[in-house]
Novice: 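To start, I am sharing the structure in question, which I have written as structure tokens.
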There are 2 protein chains.
Amino acid sequence: MEEAVRKMRIKAGRRTDIRRAREEAILAAAEKVFAEAGFGGATMQLIADMAGMPKANLHYYFATKEDLYRRVVENIFTIWLKAADCFDNAADAAAGIGGYIEAKMEISRRHPFGSKVWASEVMHGAPVIQDYLETALRGWTEGRMRAIQRWIDEGQIAAVDPRHLLYMIWATTQHYADFGHQIETLNAGKPLTDRQWRAAIDSVREIILRGIGALPPAPGKP
Amino acid sequence: MEEAVRKMRIKAGRRTDIRRAREEAILAAAEKVFAEAGFGGATMQLIADMAGMPKANLHYYFATKEDLYRRVVENIFTIWLKAADCFDNAADAAAGIGGYIEAKMEISRRHPFGSKVWASEVMHGAPVIQDYLETALRGWTEGRMRAIQRWIDEGQIAAVDPRHLLYMIWATTQHYADFGHQIETLNAGKPLTDRQWRAAIDSVREIILRGIGALPPAPGKP
DNA sequence: GTAGGTCTTGACCATACGGTCAGGAAAAGA
DNA sequence: TCTTTTCCTGACCGTATGGTCAAGACCTAC
């Protein structure tokens with residue numbers, strides 16, 4: 001193949017099937033290992049074993065451990081931001097915020113490893129994605145805060161601080177992934193069942209929505 | 001000094017002043033380094049530098065890195081559990097839960113490093129404090145859940161799931177420590193002021209208390 | 001003062017880790 | 001089939017790390 005053609009291919013983002021499959025396998029293994037051991041505790045050998053290939057092959061696809069880690073974190077961030085869709089296309093405050101809570105709980109359930117990697121990255125001062133925090137995340141946050149403020153102005157919800165409402169949603173939903181081990185231990189050592197997940201989602205949504213006055217007060221109270 | 005006297009001294013917990021001071025200095029440095037770099041990323045050299053002593057001296061007081069780490073985690077856990085006092089000596093549900101939220105927010109503010117170490121430990125599967133989770137934490141949790149259930153039965157708060165209420169409190173309050181860097185970034189890169197901390201605490205307490213029906217619905221709403 | 005303990009520390013060691021590389025296998029064009 | 005490119009991998013390397021140790025400094029009780 002001519003050099004020019006190869007470059008065009010890469011530029012067009014059309015890599016070999018092999019390359020795509022291998023990169024995905026490595027990224028999946030890396031996500032798990034980084035989540036379970038942290039960046040410092042993770043080793044290329046562990047990731048290679050989990051991906052079922054020799055260590056040298058990892059360095060063929062990803063130059064350094066940092067590169068691999070960065071790709072993992074970027075993937076998570078993308079998923080994280082995408083959950084915002086439920087926020088925007090909502091009819092009212094209860095649907096918007098409730099849908100967002102549900103979406104984030106679903107992420108915690110489906111991508112526990114990714115959530116942990118993200119948490120770890122932020123906890124350690126966001127050494128590799130500080131720029132994302134300052135641009136994408138800041139912009140996203142300001143947009144949602146405006147949306148919440150609009151709902152407040154319209155009288156749909158109580159006059160809470162939109163910022164702290166967002167933090168509470170993030171914290172609570174991600175807790176079910178990041179502290180999943182603790183939750184499991186407190187659940188007789190067993191992972192949450194479908195029914196228990198449903199109960200968790202409903203509890204979280206109910207308390208928060210009622211907390212911001214988007215639901216009528218609980219019945220059966222004096 | 002005779003061997004017997006020395007042993008009595010140690011048994012009585014009365015070590016040398018020097019020993020106590022050094023151990024404290026090392027523990028403080030270790031807490032910070034473990035929080036910022038994770039267990040795997042932390043090095044004994046870094047901790048030694050931060051504590052202002054040569055690395056070999058660390059190993060004189062703490063046999064291994066694991067020992068040192070375990071001591072740090074145990075210290076945190078103690079603080080963590082002690083916050084429960086506000087829970088027990090409360091006149092009613094609003095005071096009990098509100099006080100607990102306030103206490104946990106204060107911990108997040110005063111011990112951000114410890115909170116991060118704890119979060120990191122649990123996120124990675126609690127390799128060194130699994131026994132604590134299964135004994136002390138489980139017992140503590142069950143006790144508080146009973147207290148909450150009693151408040152529900154007495155009609156003081158709505159019929160929420162006590163377990164998920166506790167998780168929400170833990171998640172939200174610890175978020176201000178564990179994700180402090182993200183919060184700071186979203187606060188124009190500046191740490192929260194006293195006033196902002198006050199607003200955060202009030203927001204959290206208000207939303208949660210109203211969410212469980214321990215506060216009257218927000219005023220000024222249709 | 002001095003004996004017997006505690007504390008300090010530079011030098012050292014074995015290991016494990018991230019990363020490299022050369023050379024071969026496999027696939028993709030021509 | 002022959003050539004070119006991509007993919008694979010065992011062996012290897014320099015370095016950083018956790019941990020050791022022996023020798024000395026420093027206290028403290030008598």
Side-chain angles (χ1 to χ4, degrees), chain A residues 1-27 29-30 33-34 36-72 127-128, chain B residues 1-27 29-30 33-34 36-72 127-128:
Chain A
M1 187 201 302
E2 280 182 22
E3 176 69 2
V5 176
R6 204 187 109 260
K7 281 198 174 167
M8 265 178 60
R9 231 195 225 179
I10 288 183
K11 201 167 187 181
R14 242 183 311 134
R15 300 143 180 219
T16 329
D17 283 354
I18 290 220
R19 185 169 201 95
R20 211 174 34 74
R22 287 300 200 226
E23 283 185 359
E24 263 175 35
I26 294 171
L27 284 170
V33 173
F34 281 135
E36 286 172 350
F39 178 81
T43 71
M44 294 300 269
Q45 189 60 62
L46 257 176
I47 298 173
D49 291 348
M50 181 136 308
M53 62 184 77
K55 189 183 66 158
N57 215 0
L58 259 65
H59 283 101
Y60 175 72
Y61 288 105
F62 298 91
T64 68
K65 191 183 174 188
E66 272 84 4
D67 283 345
L68 177 52
Y69 176 74
R70 174 181 280 269
R71 280 285 302 275
V72 169
V128 322
Chain B
M1 187 199 304
E2 280 183 23
E3 176 69 1
V5 177
R6 204 188 108 258
K7 280 199 173 165
M8 266 180 57
R9 227 194 226 177
I10 289 182
K11 200 167 186 184
R14 241 184 312 133
R15 300 143 178 217
T16 329
D17 283 353
I18 290 222
R19 186 171 199 96
R20 211 175 34 74
R22 288 298 200 229
E23 283 185 359
E24 262 175 36
I26 294 171
L27 283 169
V33 173
F34 281 134
E36 285 172 350
F39 178 81
T43 71
M44 295 299 269
Q45 188 61 62
L46 257 176
I47 297 172
D49 292 348
M50 181 136 308
M53 61 185 76
K55 189 183 64 156
N57 217 359
L58 260 64
H59 283 102
Y60 174 73
Y61 288 105
F62 299 90
T64 67
K65 191 183 174 188
E66 272 85 4
D67 283 345
L68 178 52
Y69 175 73
R70 174 181 280 270
R71 281 286 302 274
V72 170
V128 321

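Lettering follows sequence order; numbering is per chain, from 1.
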Novice: For the pair made of CG in A/D49 and C1' in D/dT9, what is the distance, rounded to whole Å?
Specialist: 14 Å
Novice: Heavy atoms only, 4.0 Å cut-off, all strands: where does A/A42 land among base, sugar-phosphate and nothing?
Specialist: sugar-phosphate
Novice: Return the set of residues passing side-chain contact (heavy atoms from CB on, under 4.5 Å) with B/E24 (not counting sequence neighbours), or none when no residue passes.
Specialist: B/R20
Novice: To the nearest Å, give me how far apart CD (B/Q45) and C1' (D/dG19) are.
Specialist: 12 Å
Novice: Using whole Å, report how far CE of B/M44 lies from P of D/dT20.
Specialist: 10 Å
Novice: Could you tell me the separation between the CZ atom of A/F39 and the P atom of C/dC17, rounded to a whole number of Å?
Specialist: 14 Å
Novice: Look up atom CD1 in B/I26 and atom CG in B/L58, then write down how far apart they are to the nearest 0.5 Å.
Specialist: 4.5 Å
Novice: Would you give me the side-chain donor-acceptor pairs under 3.5 Å for residues 40-56 of chain A, sequence neighbours excluded?
Specialist:
| from | atom 1 | to | atom 2 | distance (Å) |
| --- | --- | --- | --- | --- |
| A/T43 | OG1 | A/L46 | N | 3.0 |
| A/Q45 | NE2 | A/D49 | OD1 | 3.1 |

Novice: Any donor and acceptor pair, going by atom type alone, linking the side chain of A/R70 with main-chain N or O of A/V128 inside 3.5 Å?
Specialist: yes
Novice: In whole Å, I'd like the distance from the CD1 atom of A/I18 to the P atom of D/dT5.
Specialist: 18 Å
Novice: Nearest whole Å is fine: how far is C/dC17 P from A/L68 CG?
Specialist: 16 Å
Novice: Can you tell me the distance, in whole Å, between the CZ atom of A/R19 and the P atom of C/dA27?
Specialist: 16 Å
Novice: Scan B/A48 against the nucleic acid and name what it touches under 4.0 Å (heavy atoms): base, sugar-phosphate only, or nothing.
Specialist: nothing
Novice: Do the charged groups of B/R19 and B/E23 touch, with an N to O distance under 4.0 Å?
Specialist: yes
Novice: Can you measure A/R22 atom CZ to C/dA26 atom P for me and round it to whole angstrom units?
Specialist: 13 Å
Novice: Counting only non-hydrogen atoms, which of residues 52-64 of chain B are less than 4.0 Å from DNA chain C?
Specialist: B/P54, B/A56, B/N57, B/Y60, B/Y61
Novice: Fit a plane to each ring of A/F39 and A/F34, take the angle between them on a 0 to 90° scale, and name the class: parallel (under 30°), tilted (30 to 60°) or perpendicular (over 60°).
Specialist: parallel
